[in-house]
Amino acid sequence: MGPHDSSISAAAGSTSSSSSACSTSTKPPQPPDQMDHLLAGAGYKVRSNDLHQVAERLQRLETVMVKSSPVEISELVNDAVHYNPTDLASWVDSLLTELNTNPPLSVPVPTDLSDPNAFPANINMYANHAPQVHGEFSQQVVAPFEEDVSIQLVHVLMTCAEAVQRGDLSLAGLLIDDLQALLGRVNSGCGIGKVGSFFVDALSRRIVNSPENAVHADLSAYENEILYHHYYEACPYLKFAHFTANQAILEAFDGQDCVHVIDFNLMQGLQWPALIQALALRPGGPPLLRLTGIGPPSPDGRDSLREIGLKLAELARSVNVRFAFRGVAASRLDDVKPWMLQVSPKEAIAVNSIMQLHRLLGPNSSRGPPIDLVLDWIRDLNPRILMVVEQESNHNQPEFLDRFTEALYYYSTMFDSLDVCTAQPEKALAELYIQREICNVVCCEGPVRVERHEPLVRWRDRLINAGFAPLHLGSNAFKQARMLLTLFSAEGYSVEENEGCLTLGWHSRPLIAASAWQAIPKPSTTIGPINHP
Amino acid sequence: MVLIHENEDQVFHNDDDDDNDNGRFCINDNLDLLIEVLQRVDGRSLGSAACVCRQWCSIVRNDSLWEHLCFRHVSPPPVGVRPVVSALGGYRRLYMVCVRPVLSRLKRRRIGGGGGESEVVRRVWNQHEVELSLSLFCVEYYERLLVGGGRGAAAAGDSPASSLKFLCKPVNV
């Protein structure tokens with residue numbers, strides 16, 4: 001433990017923040033004069049011992065750009081001569097000089113407040129992405145000491161993940177101890193401290209348990225539903241998903257008298273009351289609505305699917321909508337066979353998948369890739385609309401370190417957005433729900449890893465290849481989503497339209513994407529040779 | 001805000017009144033007038049009116065007054081909504097649980113500062129806002145069903161189920 005302690009404390013004392021230097025025989029220490037290898041991976045050349053100054057200058061640049069007038073900025077664009085941005089330190093200095101600020105100080109800027117809420121801005125800088133200047137972010141300057149610790153935290157997390165990827169579990173274990181120490185020095189109630197603690201926890205689980213056998217305190221379906229419900233209430237992502245999906249389904253069902261909705265994950269059926277009510281009020285009267293809810297089988301003899309169905313039926317009866325419910329219990333979506341859904345040819349079908357399709361991207365079963373099987377039978381049903389809502393992130397990359405980095409960035413943004421929720425216990429349980437996702441992404445491998453999120457562009461390709469055509473979500477869905485967000489008590493959410501799909505994000509980072517699809521009917525195939533007697 | 005004269009001893013000289021009450025006008029004898037007046041006041045005044053006396057309370061509890069309040073300024077007025085809203089708990093509940101917080105939240109977002117309750121009423125809503133409020137109301141009804149077993153629609157008290165708590169929290173701008 002000795003070499004590690006000295007390297008961390010040395011880093012804390014000096015202005016260099018390169019705490020990824022570790023002196024063991026398996027990895028040569030990274031000399032401070034060398035380019036930081038993490039940023040080099042992103043295309044930026046910065047010396048490790050310049051990192052701290054560059055970080056502080058970037059923050060000052062952000063402050064200055066926010067305060068300066070548009071005229072000055074446009075002058076900057078047109079007239080100034082810039083350094084190549086790959087040489088990050090000089091580039092930042094040149095911009096600062098152009099904007100007529102004071103020459104960069106060699107000592108850290110004294111701060112008046114150290115706000116832990118600014119930590120995620122640091123994460124955004126260091127997590128392998130180009131440093132974007134977010135004008136709308138807070139302009140608070142973080143105390144250099146705490147900034148140091150959060151930068152170190154991220155660096156050590158990355159180093160530990162890299163060690164795990166290489167299989168060097170002993171080093172990873174030592175780094176976990178360092179991480180615990182670092183966490184002790186950071187405010188773990190919010191910001192990087194909180195997200196960091198979840199990731200440290202996940203990494204330590206992965207080191208202890210073999211990833212293929214990772215089973216972490218498996219919750220009963222009932223407890224899972226409770227967490228889901230609180231996640232629904234604490235932040236708008238699920239509400240956005242439900243309302244957007246309902247609007248698209250409503251428009252697809254226009255003029256139809258018999259409609260059938262297939263829900264890939266019924267949970268407590270929170271999506272459907274709004275659809276039932278909208279159908280009740282549609283001009284021309286409500287259609288006959290059938291709902292087929294798919295969900296995991298309930299272990300203790302309770303037929304939870306049927307209970308939800310009964311409640312939905314009661315609601316439908318109150319508003320005079322003819323309603324029929326059917327529950328299909330299946331632990332995996334690819335166990336569902338189309339005949340279980342009992343689809344009738346004269347009804348209009350809508351398939352609704354809220355964050356379920358990514359679970360099918362796991363290793364192939366004996367029958368082929370599960371996602372292709374499922375998309376195939378969905379296409380056979382010929383639905384008028386297939387509604388797909390997925391997390392907008394790439395947590396399915398083959399390399400562990402890439403996944404880890406992407407997840408760190410994604411979930412710290414999500415926790416940022418959750419920070420503004422004040423309702424307890426909703427917030428705590430929502431965090432627990434997200435933590436389970438994090439654990440699955442980080443700790444598990446193979447068939448146990450089900451949270452295989454992929455971004456919208458990849459889903460688009462996949463669905464188009466599977467024979468679906470995109471449907472544009474109309475302006476009604478967009479307006480409704482925007483209105484829903486104004487009701488939430490935070491200004492940071494943003495809804496964007498992206499080639500007919502809607503994404504909801506926090507401060508221009510999309511976190512969840514909703515898209516609608518229509519099946520292209522398969523060309524009719526000739527049956528094999530007919531045997532004549 | 002229209003002031004209600006709660007003082008029942010208000011005297012009008014009304015020669016047409018053939019009451020044998022020495023020609024004094026009492027609003028409680030002209031309930032249709034009272035209802036006309038109450039149809040034009042805002043939510044807060046309606047609530048105050050309910051506290052005046054038992055008779056006024058029973059009048060104010062009539063859901064059609066609250067229907068007027070909810071959709072008075074909707075353009076165009078929604079059709080066919082009444083049976084749905086009645087089934088989900090009534091217009092008074094709709095106002096308390098959804099309409100009032102939604103309007104004040106949207107209003108505050110528009111002008112970035114608190115207007116009084118009366119200003120909230122004069123705002124015209126559009127179709128989308130009405131639909132959203134109704135959907136939220138329906139989700140709230142359903143949550144009470146989930147929690148309360150069979151007593152969903154008749155749940156006591158006006159506190160909303162958890163999914164609408166976010167509307168009650170002060171805006172954290």
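Predicted model only: the values in this text are computed from it and were never measured. Convention: sequence-line order gives letters A, B, ...; per-chain numbering from 1.
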Measure across [X] and [Y] and return the closest heavy-atom pair with its distance rounded to 0.1 Å.
X         : Y         : answer
Ser135(B) : Phe243(A) : CB-CE2, 3.6 Å
Leu281(A) : Val81(B)  : CD2-CA, 3.7 Å
Leu145(B) : Glu314(A) : CD2-OE2, 3.2 Å
Gln277(A) : Val84(B)  : CG-CG1, 4.1 Å

Counterpart residues, salt bridge (charged side-chain N to carboxylate O under 4.0 Å, His left out), relative to Glu497(A) (two or more places apart):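 Not a single residue meets the salt bridge (charged side-chain N to carboxylate O under 4.0 Å, His left out) criterion with Glu497(A).
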Salt bridge (charged side-chain N to carboxylate O under 4.0 Å, His left out) partners for Arg290(A), two or more places apart: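 Here the qualifying residues are Glu347(A).
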Where on [X] is there a heavy atom nearer than 4.5 Å to chain B: the side chain, the backbone, both, or neither?
X         : value
Gln268(A) : both
Ile276(A) : neither
Asn476(A) : both

Roughly how far, to the nearest 0.5 Å, is the [atom2] atom of [Y] from the [atom1] atom of [X]?
X         : Y         : atom1 : atom2 : result
Gln480(A) : His128(B) : CD    : NE2   : 8.5 Å
Glu131(B) : Lys479(A) : CD    : NZ    : 10.5 Å
Gln247(A) : Leu132(B) : CD    : CG    : 10.5 Å

Check whether any side-chain heavy atom of [X] sits under 4.5 Å from a side-chain heavy atom of [Y], and report yes or no.
X         : Y         : answer
His229(A) : Glu143(B) : yes
Leu146(B) : Ile308(A) : yes
Leu315(A) : Cys138(B) : yes
Trp272(A) : Val139(B) : no

Residue, of Leu312(A), Asn320(A), Leu310(A), that accumulates the most heavy atom pairs under 4.5 Å with chain B: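 Winner by heavy-atom pair count: Leu312(A).
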